[in-house]
Number of protein chains: 2
Amino acid sequence: MALRHAVLAALLDGELSGYQLAKAFDLGVANFWHALPQQLYAELARLERDGLVSGREIVQDTRPNKRVFTVTDAGLAELERFAAADGKPSFIRDDLLVKVQAADHVDAGEVIARLTERAAFADAKIRLLGGLLRKLRGDRGEEEFLRHGERIGPYLTCLRGLAFEQGNRDWCRRSAAILEERRAAHARE
Amino acid sequence: MALRHAVLAALLDGELSGYQLAKAFDLGVANFWHALPQQLYAELARLERDGLVSGREIVQDTRPNKRVFTVTDAGLAELERFAAADGKPSFIRDDLLVKVQAADHVDAGEVIARLTERAAFADAKIRLLGGLLRKLRGDRGEEEFLRHGERIGPYLTCLRGLAFEQGNRDWCRRSAAILEERRAAHARE
DNA sequence: TTGAGCATGTAAGGGGTTACATGATTGC
DNA sequence: GCAATCATGTAACCCCTTACATGCTCAA
């Protein structure tokens, strides 16, 4: 039940509506979790019912009204408990890796295509995260920000997201190159 | 529905029983996917029912009999189709990152403890995977193996798993150090 | 006028986790 | 004797995904 806590953590930086949360969790700008809008609306309802967040209506003229949510003291206490509990390590679960695992037995061209697609996606995300980090740290240098910036949490999770995508991109490119070369070698025989 | 394909991919290297599969998927030796024994037994039953794998009984004296499974031609065809389909990118979903995201608002000591635990876990897995890679490539050098070794798929997924855990370990250590230093600085004020 | 963005949901189904159940053998 | 390993499942529950539904505004 970590979606609860992910939502609570996301709301620590200020009140947000379900829609705003959804955008953050969807693009993976929230690098610590991923969720679809439907989940978030449902989870926010549950959180409010349980008193961990409180919502207030914001009336808007040109756009539909919205409800924004804030973490309550009970919500903070719940996060505190969560942080102290030990979780199990997260495992990789990725379609692409399954395809690569089978690369010797299926059409290598298709696998190479998937790897290339993913590398491009990772590259786009790397640029996105780079910008986000720059925005978070403002005009301070990284060292300086890490030492004295307020709100270090989001910066650290962003760094993990960045490293993850760089790992993805590098591995995808290298793997694609290796499979390509083997395919070429095979064709020469 | 990628567990199917993960199981098929795992069976490409030779027939395995549900129990053997479970061990591989549990320890994450299968770096491309993770699954619990119950899922695997259920999935193997479905795969056999659908004709994608075929099982045969192996009678054993001292231990309980077991059923081992092989990928059928239909199974291979299914994998082929799967490899050609494009999947969506996999997102991070990790308790630990949620905790770090909230690090400014909860007891930093607890978060540091969680980071340290995870770094140790990652370290253990790095050693495990290092051994696995050495075993896979035998006495050949890596370059040589990547070019001419048969069964490159498992090696590549293993490489991804290794890089992932190295990323984890490095990030955990760095983040823990940063939080530690900030805590010390705060205490001095 | 068509599509994109804002804003919030419901419902069904599939996949994963947790808990439970059984029973034999091997090593400490 | 007790724990761990081998070996295979069932059942309940929760979480996530997919599909569907509504309606208003703004820009191309």
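Order of the sequence lines fixes the chain letters, A, B, ..., with proteins taken first and strands second; residue numbering starts at 1 for each chain. Fair warning: this is a prediction, and the values are worked out from it, not measured in the lab.
- What separates CG of A:Asp95 from C1' of D:dT17 is a distance of 13 Å, to the nearest Å.
- Heavy-atom nearest nucleotides on DNA chain D were determined for B:Arg63 and for A:Ala2, and the one closer to the 5' end corresponds to B:Arg63.
- Contact detail for A:Ala9 and B:Gln101: the closest heavy-atom pair is CB-CG, 3.8 Å.
- Within the structure, a side-chain polar atom (N or O) of B:Thr62 is placed less than 4.0 Å from OP1 or OP2 of C:dT26.
- The only option from A:Arg118, A:Arg114, A:Lys99 that meets the salt bridge (Lys or Arg N to Asp or Glu O under 4.0 Å) definition with A:Asp94 turns out to be A:Arg118.
- Between A:His5 and A:Phe82, the distance separating the two ring centers is shorter than 6.0 angstrom.
- Going from atom CE of B:Met1 over to atom P of D:dC16 covers 20 Å, rounded to whole Å.
- In this model, the phosphate group of C:dG16 is not approached by any side-chain N or O of A:Lys88 to a distance below 4.0 Å at OP1 or OP2.
- Toward the 5' end of DNA chain C, the nearer of the two residues B:Gln38 and B:Arg46, judged by each one's closest nucleotide, is B:Arg46.
- Atom-to-atom, CZ of B:Phe91 to C1' of D:dT17 comes out at 13 Å; the value is rounded to the nearest Å.
- Screening B:Val71, B:Leu11, B:Leu12 against B:Leu79 for a side-chain contact (heavy atoms from CB on, under 4.5 Å) leaves a single residue, B:Leu12.
- Following rounding to the nearest Å, B:Arg67 (CZ) and D:dG9 (P) show an atom-to-atom distance of 8 Å.
- When the C1' atom of C:dT17 is taken as reference, atom CZ of B:Phe25 falls 17 Å away, rounded to whole Å.
- Of the candidates D:dA7, C:dG16, D:dT18, C:dG16 carries the atom nearest the B:Leu3 side chain, counting heavy atoms from C-beta on.
- The phosphate of D:dC16 (OP1 or OP2) has no side-chain N or O of A:Arg93 nearer than 4.0 angstrom.
- For the pair A:Lys23 NZ and C:dG5 C1', the computed distance is 9 Å after rounding to whole Å.
- In this structure, B:Lys66 atom NZ and C:dA24 atom C1' are separated by 15 Å, rounded to whole Å.
- Between A:Tyr19 and C:dC6 there is a side-chain polar atom (N or O) within less than 4.0 angstrom of OP1 or OP2.
- An OP1 or OP2 oxygen of D:dC6 is reached within less than 4.0 angstrom by no side-chain nitrogen or oxygen of B:Gln60.
- B:Arg174 and B:Asp170 are not joined by a salt bridge, as no carboxylate oxygen comes within less than 4.0 angstrom of a charged side-chain nitrogen.
- The distance between atom CG of B:Leu36 and atom P of D:dA11, rounded to the nearest whole Å, is 18 Å.
- Counting only heavy atoms from C-beta on, B:Gln39 has its side chain closest to C:dT17 among C:dT17, D:dC16, C:dA7.
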